[in-house]
Amino acid sequence: MSQDPPRYIALVAVPRPLHTLLSYALPDGEQPVAGTRVLVPFGSQHSVGLVIRVQATPPNDTDSPFTLKPVEAILDVTPLPDAHLLKLLQWAAGYYHHPVGEVLFSALPIALRKPKPLSNRLQKLLLAHAAVTSPLADTHALQLTAEQQQCLHSIEQWNTQTPRRPILLHGITGSGKTEIYLRLIAPLFAAGKQVLIIVPEIGLTPQLLLRFARFFGDAPMACLHSALSDGDRLKAWLQARSGMAQIIIGTRSAIFTPAPNLALIVIDEEHDASLKQQEGFRYHARDLAIKRAQMLDIPIVMGTATPALESLYNAQTKRFHYVRLNQRPGTTRKPDLQLQDTRPFELQAGLTPQSLIAIRDTLARGEQAMVFLNRRGFAPALYCPSCGWQANCEHCSAKMTWHARRNKLICHHCSTEQPTPLRCPQCQNPKLTTQGQGTERLELTLQSHYPDAVVVRIDRDSTSRKGELDAKLATVRSNDPLILVGTQMLAKGHDFPNLTLVIILDIDQSLLSTDYRALERLGQLLVQVAGRAGRADKAGRVILQTSQPDHPMLHQLVGHGYTPFAQQLLEDRKRWHFPPFGYQALIRASSTASMEKALQFLEHVSQLLVSATGTDLQRLGPIPALLEKRANRYRAQLLLGSQQRAALHAALQQLLQQSAKLPGRSGVRWSIDVDPIDFS
DNA sequence: AGCACGCCGACT
DNA sequence: GTCGGCGTGCTC
């Protein structure tokens, strides 16, 4: 049974952790375009794959070790990621050393993993679109201030120059960055172009969305975020891909949305850590956005009140254009920021006497106060005062947090829940005690301290039900005097005009952290939270409670502001050859068996890298991770550093090529994190 | 990631 | 004697 050799073969990426493409024979006469999905046989089963390339079979192809299996079905007529996205994604797979098929499919809506053609869905969408006409409903345009006009003018100028550079828009909270975005987008919108806007977390930026909706009227907007159903996500994605959604707003993964007429990318809050994916394909949406804009030769604008040190450095070295907005329209005074030493006082509700007085006065003036504490739950520890027993998570090397409302112990690392023990499991003592405090306790104690005041708590626990967050935000926006208690969730994207006092608790841990990025993040968080105070025409006051009021970096931040603070941190980074003065990758390993197993594996990785590269690759570790055990896995890490990006990437390439032979790899899960930002 | 293949303990 | 444990290795 001899067969003619296939004329063409397809190189296909499947959504599995394979670092290679697989070759399949194509039926006679078929030449699918790169980016179309195919159904292929895969081991004993079938898989959807993406065609990356189609090649003619070499005429006398005798050295091929395989008899190629045939492509079973071609699922699409047009490519899903277009040629440009395909190129970007392949580049990203190489840069982040992540399996190419997983990278490609992580950029597609989940619904497209099923081997179903999408032709009919498209048809429906396009028919729906035919009825909509959407004039620019610019009835809510505000007059720009002189500073904003100057800023806009600079950006427009830069966007006519070649070669292009990314633009860093460093504007203090309330300075009107959104107004600048809108003015940049408007002419593109009118010209039928598309714009991609990446935001940290869409549920938390309702005001930005509202502003866009007002500005662009009923223009078709595609929103892509984690709360969407698979169907809605596919719909938004198709609308963007068809070009009919001109405004595309989304979180991190929206950076992969196809947009044939893309003319501008905006990254809002470019410093935000949520732009970096923290598992699987660990990409940074800002960095990929810069790459995408560069490949398309379109402008990219990154806005923030607290630039990432990397971005600030890029601005200083002229890789980025840099423009500032220093004024808050309608406000004359900057918030008054003060450090408060907690050590001399016995704290009540975690607050110093001065803080308590400040809250009382604020309420008396009919204004709002916010107490920021980045810790959920009632208390971060439950222990027995008589024998010293403590409620630890049995799956993690961590204490369990006590939640009063649900009367449960919850591990914030693995989400394990346990009923609160009635007596000490060790000595039967019926009186267990909590230690420390979270937002839940803060809410309670503030309420009893100010019995007549309304206390609103906003954190993940108090807003998990649908509509709950909106209701709470509406209460706050009614501008009645109240006390707002909350975590991270309050730090970004909200505008509370009657909020004039912000108290920030418990920052001491960040000041002592071994993570070299902890101070940068603390600085960003403090400035962002402080930016909530004193909007509209009311002066704001920010109180920073700490047991280390003499910390030099805190003084730098409070005394001179974010930029000199960041500059100081950059100088430290330079001394240590840390990013952006060097390049890093973190190898993580975990084992259910023991810490030793994870460490030993990384020791072998380390040795492989030395013998394979022999370069001046710096190695820090292997060391146990900050959280040594999580969800029953012992975790260790090895930090790699180099002054040459190419050397680091060559080393990672070597590691991947030889990883199958590494001793001690059985029972160990491991991963590569390029440009790590979180060392937990 | 799945899945099959393969070599060691307690059961119809 | 077999059912099945998950260690190992492969997927064109």
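The sequence lines fix the lettering, A, B, ..., with proteins before strands; numbering per chain opens at 1. Everything numeric here is computed off the predicted structure, so don't read it as measured data.
Residue A:Ser666 places at least one side-chain N or O closer than 4.0 Å to OP1 or OP2 of C:dT8. In this model, the phosphate group of C:dG9 is approached by a side-chain N or O of A:Arg665 to a distance below 4.0 Å at OP1 or OP2. Within the structure, every side-chain polar atom (N or O) of A:Gln45 is placed at least 4.0 Å from both OP1 and OP2 of B:dG2.
Atom C1' of nucleotide C:dT11 and atom CG of A:Leu21 are separated by 13 Å, given to the nearest angstrom. Remark: C1' of C:dC10 and CG of A:Leu22 are 11 Å apart, rounded to the nearest angstrom. Here the P atom of nucleotide C:dG7 and the CG atom of A:Leu662 are 19 Å apart, to the nearest Å. Across the protein-nucleic acid pair, A:His98 atom NE2 and B:dA1 atom P stand 9 Å apart, rounded to whole Å. Between the CG atom of A:Leu26 and the C1' atom of C:dC12 there is a distance of 12 Å, rounded to whole Å. Distance NZ (A:Lys69) to P (C:dC10): 15 Å, rounded to an integer number of Å. One atom, CG of A:Leu68, and another, C1' of C:dT11, lie 14 Å apart when rounded to the nearest Å. Rounded to whole Å, the distance from NE2 on A:His46 to C1' on B:dA1 is 17 Å.
Side-chain atoms of A:Glu394 and A:Thr416 form no donor-acceptor pair, as typed in the model, at a separation below 3.5 Å. With 3.5 Å as the limit, one finds no donor-acceptor pair spanning the side chains of A:Thr257 and A:Trp237. A donor-acceptor pair shorter than 3.5 Å can be found between the side chains of A:Thr78 and A:Arg241.
Within the nucleic acid shown, A:Pro15 has no heavy atom closer than 4.0 Å to any nucleic acid atom. Within 4.0 Å (heavy atoms only), A:Leu11 reaches no atom of the nucleic acid at all.
Between A:Tyr96 and A:Phe281, the ring-plane angle classifies as perpendicular under the 30° and 60° cut-offs.
Among C:dT8, B:dC3, C:dC12, the nucleotide with an atom closest to any side-chain atom of A:Tyr24 is C:dC12.
Annotation: A:Tyr283 is in aromatic contact with A:Phe256 [ring centroid separation under 6.0 Å].
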